[in-house]
S.K.: 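So that we are looking at the same thing, I have put the structure below in structure tokens.
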Protein chains: 2
Amino acid sequence: MSYPYSKVEGTVSFEEGPKPKNAIQREREAATFDLDEMNYFLEGSKETALETRGFMSQFERDPILAASPKDYDASKPEHRQITIQKIDRLSRYIEVDTFDALERRMNLLSVFDPSFHTRLGVHLGLFLGCVRGNGTPEQMQYWLLTKEAAYVKHIYGCFGMTELAHGSNVAGLQTTATYDEENEQFIINTPNLGATKWWIGGAAHSATHCSVYARLIVKGKDYGVKTFIVPLRDSDHNLMPGIAIGDIGAKMGRDGIDNGWIQFSNVKIPRYFMLQKYCKVSADGEVTEPPLNQLSYSALLLGRVTMVKDAFRWAARVVTIAIRYGVGRTQFKAALAKESDPESQLLNYPLHQRRLIPLLAMTYAFSNGANVLQETLTTTMDELDKAVAADDKSKLDASVEEMKSLFIASGSLKSTCTWLTLNTIDQCRQACGGHGYSAYSGFGKAFNDFAVQCTWEGDNNILGMSVGKQLLKKFAAIKKGEEATGILDFLGNYKKLAGTTPVLETNDLKDPRKILLAIETALVRACIRADAVLEEKKGDTDYIGADLVTLSKLLAHFFLLKAFLDKIDASKDKKDLLPLLDLLAQLYGAVVVLEGFSGTFLTFSVVSTDAMAKNSTEHIADLCAELRPHVIPLTDSFMMSDMMINAPIGYYNGDIYENYFRVVNQNNPPKNTKAPYSSELEAMLGRSSLAERQRFEREDETEEILSG
Amino acid sequence: MSYPYSKVEGTVSFEEGPKPKNAIQREREAATFDLDEMNYFLEGSKETALETRGFMSQFERDPILAASPKDYDASKPEHRQITIQKIDRLSRYIEVDTFDALERRMNLLSVFDPSFHTRLGVHLGLFLGCVRGNGTPEQMQYWLLTKEAAYVKHIYGCFGMTELAHGSNVAGLQTTATYDEENEQFIINTPNLGATKWWIGGAAHSATHCSVYARLIVKGKDYGVKTFIVPLRDSDHNLMPGIAIGDIGAKMGRDGIDNGWIQFSNVKIPRYFMLQKYCKVSADGEVTEPPLNQLSYSALLLGRVTMVKDAFRWAARVVTIAIRYGVGRTQFKAALAKESDPESQLLNYPLHQRRLIPLLAMTYAFSNGANVLQETLTTTMDELDKAVAADDKSKLDASVEEMKSLFIASGSLKSTCTWLTLNTIDQCRQACGGHGYSAYSGFGKAFNDFAVQCTWEGDNNILGMSVGKQLLKKFAAIKKGEEATGILDFLGNYKKLAGTTPVLETNDLKDPRKILLAIETALVRACIRADAVLEEKKGDTDYIGADLVTLSKLLAHFFLLKAFLDKIDASKDKKDLLPLLDLLAQLYGAVVVLEGFSGTFLTFSVVSTDAMAKNSTEHIADLCAELRPHVIPLTDSFMMSDMMINAPIGYYNGDIYENYFRVVNQNNPPKNTKAPYSSELEAMLGRSSLAERQRFEREDETEEILSG
């Protein structure tokens, strides 16, 4: 059946409507490279890429697990219920998956169903991560395998760290675990309102157990914060005695998670519920302290590393939507167009290119950075486990050094990449104009769900400051002769990079390796300056807080650009990919130098004002223009299915308006145009006259009577 | 009744909890100025300030109109119903208010109930504004007063401008209004899916009439887009024939508005339903064209101007919340603290100060800018009306010039201030850490509701480009000898300001008037540079799109800082206010130069790299520190009641944790800790063994049988 000019299948129309799909299809067909190869580049390897596709098919074909536009109309109670149904369904995969595969599968989940990811992630990643990280092998075996918690069976765990009045300062938590020698038990207590466990994901409805962070008090002595397994609900899912729990209620996003608060009123747990990998309390109250307190926070590392990969996928998703829309949508005519020219594609405007194509380049730069960080974590944790198992002091020391380096890298990348991605989500929304504001375009939910990534598992500013402090500490040590290593290797060159000689001249911006050197130089010079201010301020690191965060951001860009260029170097045989990858690296670097940190680069004379003036308008604009014809293949290469995209204006086929119209009408069938509350509305419109409702008490006649 | 250490009224506790209210109260008591006077400064005058308080009391005491934390848990259907109840209630005020007072009352509404504001604003501001702006006096009289639409009676109007495939390019709309001479009627038609009216606020359920923007076609000739009143629903609220309407459904925010889509299938309206102030069609099809097409878009001006005031109030609200929280919350110890020191107030950290106090300064700068713009609009519209009424060509020309200047000022301010405020909302959220993510802290809803302000009634980037273009056009004209006037006055000095001599040396940043000169200088130099590139690119304004937007932003900051300083100069008798106002102006200006546009100021050598290096760390930090003790009185001066704040962590009394705990429990009574879907969850946890569910088909015994 084919009607002339029909745009919605099976309807007639008066004239031909817009055809966004044609433009998208045309650009798709003009791809100059192999999309599979590009996808392998982004995913790290062909093997990983294929595994990812396999997971994606399982998700999108599954009637329970698949995301859909229906999600945008789910209420909070519906969302929470659906999430449990999804966890139930996924638990069947967990029973047959390997743990490694599960982690990668979960990572994908995060993009298209963040509530699901987090609600399950709190149990698998945080609760079980805490048991793994702080429990003895026997304790781990018992809770994870014997009790089957690892399969989301019998036990549902939550992670009781944050309190109402204590978040980032974990060492300042106030919940107490007082040892009672006589009965060989701990008494867990919430001493005041501020110590109420708060934000605890899963506490409101799901959790049976909680890994509680509480101050260990033995014989009146406070040993600081340790971890304890505290049952919250019995096997009938009723609250244990002394446990009070409430629902935290509505949040900015992630409606599917039942965050709650918990108060403990002298709750008793047996001594062996304490996680005793590092710190032990003997029956008669003798305390063995851990070699390094930081080790017990290693559970947080996985989360941070994962969030960098998350940032890549979320950015890839929203950039794909905005770019497809920008190619399909037409608006106004170009400035130099003829009268007879049609409206121009949005993405043919240089401003629109400048708004989106740098974000695409940044997303490409995220990809390998995330992969490298992930691999480093795996290696480091393996080595740490081996060192602990072998009780080898020198290996343990080496592992701790590696961990410190990883804390710096992951802190800097987690904070920088989540900030950039949150901004990317909103920029992409704005780039889709009014339609970006529709819930069905996905940006609203994406922003609300993602926003918390800037705050949790290390507030971005606090992480940034902490990274900056480590950098300065290392810099001070290197000045005194210590060797520069790992991610801070470049500090070894500080003498060469100091000074005020510009590193980037006008034409150097075409060489990404020179940009990398410029970032190093800016980092070194900013360190020198911060170090000087710090000395002047007698070591008051608080005073230079903002500069510390800038150092952390620059470090992240250094890491990302380096990882990106290294991966490009390792892909020299992919001839058709190289020209575009090189342009993307140039653009990413140029935006860091000319836009994001232009003030810093100019202040420290890393780039000359001349080069800046010449390049700030033209260079980025020209790079964007060069990349412009390739944006559809470059976003297609992320290989996000429509289910992952979950935004009709960004679906693969490019039928923007038809897809969008269909989804709007599926979710809101236009059968009844009277609202359920229509009678109230109609009564307002049809109300009697003001004079009548005032009982004619203010009419001229009344005036006469009452004034008479 | 007073329990020891009781923190939640009427409960016992084990020890004293945190006391955020004490810190806030202490700083409040140390105020160095009269808060009423500061409030008058912000509101423009004592008279306006008192009127505002009057409106506020009426709103917050009214059981229907008042906002409350309950709003954060309302579903979309509830939100929509409540909104109609509020409109119903407010319509009773409208019947007895003056139109001027109504406008200011509505403006307040926008901050604490944006859905309510917009849903009613579409009728009062856009629909009636369109009738006022484009109808003859008789048409205005008929629809507004005879039919009582002005009182939200009998008629509920919507504004039919945007189409599915056409937003910003109004001239490109495709809905047609074809004149049928024989029957003296227009036939309104939607020719294809892309021409479907889209995003129409009020269309889904409320509207009885629509002011439709459609192409006037007479005798086959297309006269471009004109306005027509088209009835959508009859007095029984049923759809008229030929009208199809659907609900647009879920949005990023503003759930209370029933945005819809409308398709017209040859809908007939009488000739006199066309709004004919400027363009007329006679019975036999003779068309009189308007003197200036832009005049018919003047309805958009009010919206833009209002949004600048909105930006002030929204920023004031979120800054108040974040600053109260930052003063009340303690976290970690200061870098140079002693072991015995307590945790430090968040806002005592220089980084936290730098995150929030510049936003406070910016909000102060917004206040008078918004007031000045508002007054200019009132004067200009009055003069235009007089000129049109008198049919005075020279006065009309003068008015049109004024209008053009107002389009520049309002376009630049609307786009810049809404962007800054959207960013402010999220920065304030992040500054409240995890609790910023609670819906009850207000930031999530604020962001979602406010986000659309960057897009509607002139997309910010398109407005910015258009402002930049006007600037360059004027600059080119001035170069040729035309006089510089109005907001672009400073361009007259371009010869003096050109070149590369720095205007700001290290110590000049303490003089806000010098900063103002620096912004002028940057504007002029950026104009010169853009003008040169434009010449090179043969007039392709698209190519310099990003620079045009930068020009627009700088122009807005110039306008805001100037208005702020002018108001300060006019307040020389308020001795106790002046020192703080001066610091706020310094800080606002310093952030524009040293942070927001550091790259621009350095590139054009408006500030020397030396001054930048010396100041970028210390100057802003020191100004923030100077303002730090005054932040509570400075935010109290906005005089936002708890109802307007609607965020327990930011209530006036400073009982952060108690307020928050109470609201969470009021909205989510902790009676039932089992979820309605608990059985599904419990079934998952208690499920039988994997072997059993696999029917023992994969057990060793089975292997033996099947392999045997």
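Below, chains carry the letters A, B, ... as their sequence lines are ordered, and counting in each starts from 1.
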S.K.: In terms of heavy-atom pairs under 4.5 Å, which option from A/R80, A/K538, A/R429, A/K445 contacts chain B the most?
M.R.: A/R429

S.K.: Using side-chain heavy atoms (C-beta onward) and a distance below 4.5 Å, is B/L602 in contact with A/M612?
M.R.: no

S.K.: Where the side chain of A/H435 meets the backbone of B/L164, is there a donor-acceptor pair that is under 3.5 Å apart?
M.R.: yes

S.K.: Less than 4.5 Å to any heavy atom of chain B: does that hold for the side chain of A/T455, its backbone, both, or neither?
M.R.: side chain

S.K.: Please report the shortest heavy-atom distance between A/R687 and B/Y151, naming the atom on each side.
M.R.: NH2-O, 2.8 Å

S.K.: How far apart are the closest heavy atoms of A/E680 and B/D88, and which atoms are they?
M.R.: O-OD2, 4.5 Å

S.K.: Under a 4.5 Å cut-off applied to non-hydrogen side-chain atoms, are A/S168 and B/Q331 in contact?
M.R.: yes

S.K.: Is the closest basic N to carboxylate O distance between B/K76 and A/D73 below 4.0 Å?
M.R.: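 The answer is yes: the pair qualifies as a salt bridge.
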
S.K.: What closest approach, in Å, do B/F661 and A/W198 show between heavy atoms, and which atom pair accounts for it?
M.R.: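 Heavy-atom minimum between the residues: CD1-CZ3, 3.5 Å.
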
S.K.: Measure B/S678 against the heavy atoms of chain A and call it side chain, backbone, both or neither at under 4.5 Å.
M.R.: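 Just the side chain, heavy atoms under 4.5 Å.
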
S.K.: Is it the backbone or the side chain of A/E343 that comes under 4.5 Å from a heavy atom of chain B, or both, or neither?
M.R.: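 Side chain only.
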
S.K.: For a 4.5 angstrom cut-off between non-hydrogen side-chain atoms, does A/R254 reach B/Y437?
M.R.: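 A side-chain contact exists here, since the closest heavy-atom pair is under 4.5 Å.
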
S.K.: Looking only at heavy atoms and a cut-off of under 4.5 Å, which of B/D542, B/T609, B/V664 has the most pairs with chain A?
M.R.: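 Maximum pair count with chain A is reached by B/D542.
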
S.K.: For A/W456, is it the side chain, the backbone, both, or neither that has a heavy atom closer than 4.5 Å to a heavy atom of chain B?
M.R.: neither

S.K.: Does any heavy atom of chain A fall under 4.5 Å from the side chain of B/I462, the backbone, both, or neither of them?
M.R.: side chain

S.K.: Which bit of A/T190 is near chain B, if near means a heavy-atom gap under 4.5 Å: side chain, backbone, both or neither?
M.R.: backbone

S.K.: Would you mind checking which part of A/N448 comes under 4.5 Å of any heavy atom in chain B, side chain (CB onward), backbone (N, CA, C, O), both or neither?
M.R.: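 Its backbone and side chain both get close to chain B.
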
S.K.: Can you say whether A/V663 sits under 4.5 Å from chain B via the side chain, the backbone, both, or neither, judging by heavy atoms?
M.R.: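 For A/V663, neither part sits under 4.5 Å from chain B.
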
S.K.: Between B/Q430 and chain A, which part of the residue has a heavy atom less than 4.5 Å away: side chain, backbone, both or neither?
M.R.: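 Its backbone and side chain both get close to chain A.
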
S.K.: Start with the C-alpha gap between A/Y677 and B/Q85, add the side-chain angles, then the distance that decides, and say whether side chain to side chain contact (heavy atoms under 4.5 Å, CB included) holds.
M.R.: CA-CA 9 Å; A/Y677 56 82; B/Q85 291 165 348; over 6 Å; no

S.K.: For A/G539 and B/L336, which heavy atoms make the closest approach, and how far apart are they?
M.R.: O-CD2, 3.7 Å

S.K.: Heavy-atom distance under 4.5 Å to chain A: side chain of B/N461, backbone, both or neither?
M.R.: both

S.K.: So A/R233 and B/K674, do their side chains get closer than 4.5 Å, heavy atoms only?
M.R.: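 No, every pair of side-chain atoms sits at 4.5 Å or beyond.
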
S.K.: Looking at A/K153 and B/E682, does any basic side-chain N land under 4.0 Å from a carboxylate oxygen?
M.R.: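 The answer is no: the pair does not qualify as a salt bridge.
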
S.K.: Return yes if some donor-acceptor pair links the side-chain N/O of B/Y543 with the main-chain N/O of A/L351 below 3.5 Å, else return no.
M.R.: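 A pair under 3.5 Å: no.
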
S.K.: Does any heavy atom of chain B fall under 4.5 Å from the side chain of A/D236, the backbone, both, or neither of them?
M.R.: backbone

S.K.: Answer with side chain, backbone, both or neither: which region of A/N665 has an atom nearer than 4.5 Å to a non-hydrogen atom of chain B?
M.R.: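 Contact with chain B: side chain only.
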
S.K.: Which one, A/R354, A/R529, A/E595, leads in non-hydrogen pairs under 4.5 Å with chain B?
M.R.: A/R529

